[in-house]
Number of protein chains: 2
Amino acid sequence: MKTPPYLVIKNDLLARIQSGDLKEGDRVPSETQLVAQYNVSRMTAGRALIELMNEHVLIRTQGSGTFVAPPKFNSTLVEIRSIGDEIRERGHVHSSKVITLRHLTGEGWLTDEMSLNPKSTVLFSRILHFENEIPIQVEMRWVNPGLAPGYLEQDFTRITPSQYLMQVAPLQKVDYRIEASLPGVGVAHDLQIGNYEPCLLLHRRTWSQGRVASVVELWHPGARYQFSGQF
Amino acid sequence: MKTPPYLVIKNDLLARIQSGDLKEGDRVPSETQLVAQYNVSRMTAGRALIELMNEHVLIRTQGSGTFVAPPKFNSTLVEIRSIGDEIRERGHVHSSKVITLRHLTGEGWLTDEMSLNPKSTVLFSRILHFENEIPIQVEMRWVNPGLAPGYLEQDFTRITPSQYLMQVAPLQKVDYRIEASLPGVGVAHDLQIGNYEPCLLLHRRTWSQGRVASVVELWHPGARYQFSGQF
DNA sequence: GAGTGGTCTAGACCACAAT
DNA sequence: TTGTGGTCTAGACCACTCC
């Protein structure tokens with residue numbers, strides 16, 4: 001059950017990056033340094049760095065060194081990223097308004113989806129996000145109180161629920177569906193669109209520590225929002 | 001500019017898999033066999049196999065051997081897969097109807113998107129796909145004639161355009177957008193839905209040999225179709 | 001027991017970057 | 001010139017599977 005050295009090195013480096021000890025662009029110990037530090041051969045140290053490079057965590061340049069890779073590669077599509085970051089990356093201004101933030105009980109479909117006791121309460125938030133003052137997303141989120149007990153105490157105009165949850169419950173698995181759907185009256189009102197304007201709806205569940213951490217519905221006006229990516 | 005041996009081995013194996021020489025579940029040459037065949041050390045042969053395993057192309061089992069991995073895990077979302085395969089995997093019946101199949105000229109936006117000479121002609125197809133006799137997708141596709149000259153001669157009720165293109169122009173890069181949008185009258189008619197029913201639209205470009213191979217718009221009735229996945 | 005993968009070492013040669 | 005990454009070899013020990 002011993003962890004092989006190359007994995008120890010990988011995990012150590014990942015931990016240092018996640019903890020913020022090593023930031024984007026920072027220089028990472030060279031193979032030679034790792035050889036001395038971990039008492040391994042150069043092949044072993046190299047393997048750790050090469051694999052992290054293949055996973056887009058590090059960038060290596062011959063003759064120069066190894067560095068922490070830029071942001072988060074938008075590998076695919078439904079990358080878990082904060083809507084705030086996304087908007088700021090487009091050079092626009094993000095703002096948000098908390099519409100609802102409270103407990104819910106007796107939501108059968110939900111406790112079911114979260115594999116919780118049917119009587120347990122769930123934390124709920126409904127937040128409206130703006131891009132340059134224009135409503136761009138209604139975020140309805142149900143959160144497992146066992147994994148994020150402090151959820152209702154957050155100031156979600158300063159940090160997005162997504163960012164907060166990533167901190168307290170590092171995600172482990174995700175599933176999602178994307179649909180085109182008509183908004184309910186509430187959503188249409190929030191987004192300031194007509195009742196018959198199509199919306200792009202992302203439904204997503206995230207797992208942490210083997211349990212469902214949160215269920216979220218993201219509603220976007222079809223006319224103003226799209227998912228995109230490449231691979 | 002010499003390709004390193006571990007890459008030669010990787011590419012050879014990938015080619016054999018893509019060509020169908022090695023199929024899902026087939027046993028792949030062992031490290032020892034590769035050592036003899038390519039005249040390399042075991043570390044080098046191993047590296048090729050390990051990297052292909054990390055890329056989910058192969059599966060290795062200690063004591064047993066190395067095998068071609070099951071289909072293609074729906075890594076993310078907008079996997080390039082044939083709608084036919086997708087429907088069959090659900091245990092349903094796929095059928096399709098070719099509505100249009102012809103040349104087009106003078107489509108400025110398109111030659112632009114394909115980086116072609118504005119006057120060159122483009123191959124076009126419009127195909128309606130059914131799942132259990134119910135219309136589920138309108139596929140409008142524009143194809144670069146330089147990369148798939150025989151496109152108009154195919155029988156697209158037997159092979160999907162996607163499958164055909166994968167054969168003649170192995171893809172290299174993809175980008176896509178997903179939108180929620182109202183169908184045009186033609187699309188609404190084909191899908192047998194109302195003019196105000198939201199549609200899920202996937203817009204995708206594929207590259208091959210450094211050029212745009214095809215541009216496609218896939219229209220789906222929002223009520224009957226969704227994208228899904230996990231990671 | 002024979003074959004296979006999982007991992008490691010100690011040394012080597014090369015290409016490239018920074019100085 | 002020095003340090004870094006890119007890659008390779010020849011051998012080794014172990015754990016596992018299959019027969």
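Here the structure is a predicted model, which is why all the values come from computation and not from measurement. Just so we're on the same page: letters track the sequence lines, and every chain starts at 1.
Every residue was checked against the side-chain hydrogen bond (donor to acceptor under 3.5 Å, both in side chains) condition with A:Ser95, not counting sequence neighbours, and none meets it. Residues meeting the side-chain hydrogen bond (donor to acceptor under 3.5 Å, both in side chains) test with A:Asn39, sequence neighbours left out: none. In this view, A:Arg47 and A:Tyr6, A:Glu51, B:Ile50 satisfy the side-chain contact (heavy atoms from CB on, under 4.5 Å) rule, not counting sequence neighbours. In this structure A:Asn54 satisfies the side-chain hydrogen bond (donor to acceptor under 3.5 Å, both in side chains) test with no other residue, sequence neighbours excluded. For A:Phe124, the ring pair (Phe, Tyr, Trp, His ring centres under 6.0 Å) criterion is met by A:Trp142, not counting sequence neighbours. Residues forming a ring pair (Phe, Tyr, Trp, His ring centres under 6.0 Å) with B:Phe156 (at least two apart in sequence, or on another chain): B:Tyr151. Every side-chain hydrogen bond (donor to acceptor under 3.5 Å, both in side chains) that B:Thr44 has, sequence neighbours left out, goes to B:Ser41. Taking B:His220 as the reference, B:Tyr225, B:Phe227 meet the ring pair (Phe, Tyr, Trp, His ring centres under 6.0 Å) condition, with sequence neighbours excluded.
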Please list, for nucleotides 17-19 of chain D, all pairs of protein and nucleotide N/O atoms separated by less than 3.5 Å.
{"residue": "D:dT17", "atom": "O4'", "partner": "B:Gly63", "partner atom": "O", "Å": "3.2"}

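Remark: C1' of D:dG5 and CZ of A:Arg60 are 5 Å apart, rounded to the nearest angstrom.
Residues from residues 32-48 of chain B placing a heavy atom under 4.0 Å of any atom in DNA chain D, listed by number, are B:Asn39, B:Val40, B:Ser41, B:Arg42, B:Met43, B:Thr44, B:Arg47.
Using modelled atom types, one finds a donor on one side chain and an acceptor on the other under 3.5 Å when comparing B:Glu139 with B:His129.
For the salt bridge (charged side-chain N to carboxylate O under 4.0 Å, His left out) condition, the pairs that include at least one residue of residues 29-41 of chain A, sequence neighbours left out, are A:Glu31-A:Arg42, A:Glu31-A:Arg60.
Close approach of DNA chain C to chain A, defined as any atom under 4.0 Å from a non-hydrogen atom of the protein, starts and stops at C:dT7 to C:dA17.
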